[in-house]
Structure formats: C-alpha cells, structure tokens
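The first residue in the sequence is number 1, and the count goes up from there. As the structure lists them, so they are numbered: ligands from 1, and atoms in each ligand from 1. As the structure is a computational prediction, the values presented were derived from the model and not from experiment.
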Amino acid sequence: MASIVGSLSTSHIPAIGGAIAKGLQNEPYWKPFFDGFDPAREWLAREKPDVVVVFYNDHGLNFFLDKMPTFAVGAAPEYRNDDEGWGIPTLPPFKGIPELSWAIIDRLVASDFDIVTCQEMLVDHAFTVPLKLFWPDGDAPVAVPVCINTVQFPLPSAKRCWAMGRTVGEAIAAFDKDLKVVTIGSGGLSHQLEGERAGFINKPFDLKFLDTMIDDPQWATQYSILELVEKTGTQGVELVNWLAARAAASAGPMRQVCRNYHIPISNTAAATQVLEAA
Ligand code: DHB
Ligand code: FE
C-alpha cells in the first residue's frame, strides 16, 4: 500500500526561480530563505519518497480567467513548464504517474468532488519553484498536480480544501502499490500584490498558522475566504494549498522536522515547513 510519509510546504514567489538561476542563494537577501531548506533536503535524502502530490494554484498559465476550475487534477505522463513572463528560465518537463492520478480522481469523484481532469497540463511557478527548492538537482520524484483556484472568485472554502485533501489522502492510502508519498502545499503565507493593501503581511497570523499545522491543523478552516483575505491578503489565501496538503497527510498531529519564516521575499512572508508522520 502507498503511504504518505510527510507534508512539505513552502512559498512559491517567482523571484526565487530567478535567484536559483543566477546562483544567488548565499547573497544576504536570499540566504535566510534558502538556508531553511537544508534540513528539509536532509530529511528527503533519508526518506527518499517515490511520489510527490503537489497542491498549488495556477496563476494564468494553464487556466486563464475565461475557464477556471475550482479543483483540477493532472493525469498526464509529464507536465510541461512554460514562460509566464517572470523572466525565470523554463524548467524541463516533470514526470507524472497517471495510474495514481486516476486513483485520486476516481476517489474524488466518488466522494462528490466535481473536479476537472487534465491529461495535458502546463505547470507554473507555483508547481515548479517548490520542486526546485526541495530537489535542487532536478531529481524530484514523479508528481501528481492538484490545482486549487485561489485566483478568481468564488474560491473554495478552507474547509472544502481540507476535505478535498483528506480524500486525496484516502485515495493514496488505498493505492495498491508500495510507494512512499510526500505532499507539497505551495504558496502563502501572508501577501497581497495589488491594491491599497499591497505589501500587507500579518506575522502573528502566519506564526499561529504554522503552529497549528503541527497539532491543530483544522484551525484555519474556521475562517471564510473573505476572512482569510482580510487576515492574510488577497494572495495569502494560497494557504489553502497548505491545508489540503496537510489534510492528505494526516488528520491528526504530525511531527515538525523543520520550519523557516522570513519577511520579506519580494512582497511575501516566505515560509517553509516540513512535517512527518507522528
Ligand atoms: C509573488 C508571490 C506569489 O505568490 C506569486 O504567485 C507571485 C509573486 C511575490 O511576492 O512577488
Ligand atoms: Fe502565488
């Protein structure tokens, strides 16, 4: 049986991709962020997962405002990256695992999640940046992309994203192959890129959120999307990706392997957290 050994989450600011391409990891601006990945990579080198399920939001590369699924799951043999206009180099395609994708899709639909299935799917910085951060040598395992709309209202509630993540976790636990799986939650934490509150950051909320991810992971599901926008910024709602990834891994407490929180990278409170099965 497949089992989820950990839930990894990180911010996905496009400028990180540029910093990696230019080798700026040890520059004073970047070092406090990149240093947070050393213990994560040591943990991954020990655990050697076979599969990564990435919960992320597309920002207009694969889905534009004209067609915006609430939840979409990739079921392709590979996922291509493409130029989004951020000036970061396009990465080579990421390998998929269609068999597991379809098991997840079957379970979600059987559990009344009306998802979009994608046998072709471009992946943007929210997918590529976390994989490049956790596997800098480009040796990320095969992946299942699970895309959540955090971009165009109406957005799915935090509670719904939690429930969707739980169902993905059930599908993985029932998958009849001996695979070690990790989940990734991509995005956040608090940030707002536009409007009067551009640059908004809420450190007390972020730190509370990181604490609750360990042993009270449904805490943030008490809030509506509008409350989360108020508390974390228009793009801070990307934290629903963290919730779904955490939900897939476990409904109960997990053990924190490492955590990093650094303000700011670009306009964002940059956070990284690795949790392992308790
Ligand atoms: C930034 C953050 C994001 O989450 C994103 O998708 C794009 C840009 C930023 O802080 O620059
Ligand atoms: Fe984003």
Side-chain angles (χ1 to χ4, degrees), residues 8-22 24-25 27 29-30 32-34 36-37 54-65 68-72 79 81-91 121-134 145-153 155-156 158 161 183-203 205-206 209-210 220 225 228-245 260-273:
L8 294 59
S9 292
T10 186
S11 308
H12 62 218
I13 304 139
I16 298 165
I20 294 171
K22 295 182 196 128
L24 304 180
Q25 291 91 333
E27 297 286 311
Y29 181 84
W30 291 103
F33 173 71
F34 280 100
F37 286 86
V54 185
F55 295 86
Y56 73 109
N57 57 296
D58 183 272
H59 301 69
L61 180 67
N62 192 68
F63 303 114
F64 199 60
L65 304 181
M68 184 55 69
T70 300
F71 297 125
Y79 302 96
N81 179 217
D82 210 344
D83 185 5
E84 300 171 68
W86 293 103
I88 50 180
T90 301
L91 294 181
M121 193 180 198
L122 292 174
V123 287
D124 79 352
H125 66 275
F127 181 94
T128 62
V129 165
L131 290 187
K132 190 73 183 163
L133 283 167
F134 287 115
V146 182
C147 188
I148 299 178
N149 170 29
T150 70
V151 170
Q152 176 170 256
F153 279 78
L155 312 186
C161 294
T183 59
I184 285 184
S186 169
L189 288 180
S190 58
H191 63 303
Q192 170 144 346
L193 301 179
E194 73 289 298
E196 274 174 30
R197 290 206 312 165
F200 176 79
I201 277 174
N202 184 347
K203 183 172 176 180
F205 181 94
D206 290 342
F209 178 72
L210 288 166
I225 286 293
L228 287 173
V229 167
E230 210 164 61
K231 288 176 191 305
T232 71
T234 39
Q235 281 76 33
V237 288
E238 289 174 347
L239 66 79
V240 296
N241 296 320
W242 287 51
L243 282 175
N260 189 35
Y261 184 79
H262 176 68
I263 300 171
I265 293 294
S266 184
N267 279 310
T268 299
T272 303
Q273 189 176 41

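- Ring planes of Phe127 and Tyr56: perpendicular class, angle over 60° (limits at 30 and 60°).
- The six-membered or imidazole ring of Phe37 lies near that of Phe33, with a centre-to-centre distance under 6.0 Å.
- Using a 4.0 Å cut-off to heavy atoms of Leu193, the atoms of ligand 1 that qualify are 1 (C), 7 (C), 8 (C), 9 (C), 10 (O).
- Here's the thing with Trp86: none of its N/O atoms is less than 3.5 angstrom from an N/O atom of ligand 1.
- When hydrogens are left out, the protein atom nearest atom 7 (C) of ligand 1 is Pro14 CD, 3.2 Å; that is the closest non-hydrogen contact.
- With hydrogens and angles left out, the side-chain atoms of Glu194 and Thr234 include a donor and acceptor closer than 3.5 Å.
- Because the distance cut-off is set at 2.8 Å, His125 fails to qualify as a neighbour of the Fe ion (ligand 2), as none of its N, O or S atoms comes that close.
- Annotation: the span from Phe200 atom CZ to Gln235 atom CD amounts to 12.0 Å, rounded to 0.5 Å.
- No hydrogens or angles considered: a donor-acceptor pair under 3.5 Å links the side chains of Thr272 and Thr10.
- Counting only heavy atoms of the protein, atom 5 (C) of ligand 1 lies nearest to His125 NE2, 3.5 Å.
- Ser190 and Asp206 form a side-chain donor-acceptor contact under 3.5 Å, judged by distance and modelled atom types alone.
- A heavy-atom distance below 4.5 Å is found between the side chains of Ile148 and Pro156.
- Among all protein heavy atoms, the one lying closest to atom 10 (O) of ligand 1 is Thr268 OG1, 2.6 Å.
- Judged purely by distance below 3.5 Å, without hydrogens or angles, the side chains of Asn57 and His59 pair a donor atom with an acceptor atom.
- Our summary of the site lists the angle at the Fe ion (ligand 2) between OE2 of Glu238 and NE2 of His59 as 90°, to the nearest 10 degrees.
- At a 4.0 Å heavy-atom cut-off, ligand 1 touches His12 through the side chain alone.
- Under 2.8 Å from the Fe ion (ligand 2) lies no N/O/S atom of His191, from backbone or side chain alike.
- The single protein non-hydrogen atom nearest to atom 11 (O) of ligand 1 is Ser266 OG, 2.5 Å, given as residue, atom name and distance.
- For atom 4 (O) of ligand 1, the closest non-hydrogen atom of the protein is His191 NE2, 2.8 Å.
- Interface of Asn267 with ligand 1, defined as ligand atoms under 4.0 Å from a residue heavy atom, comprises 10 (O).
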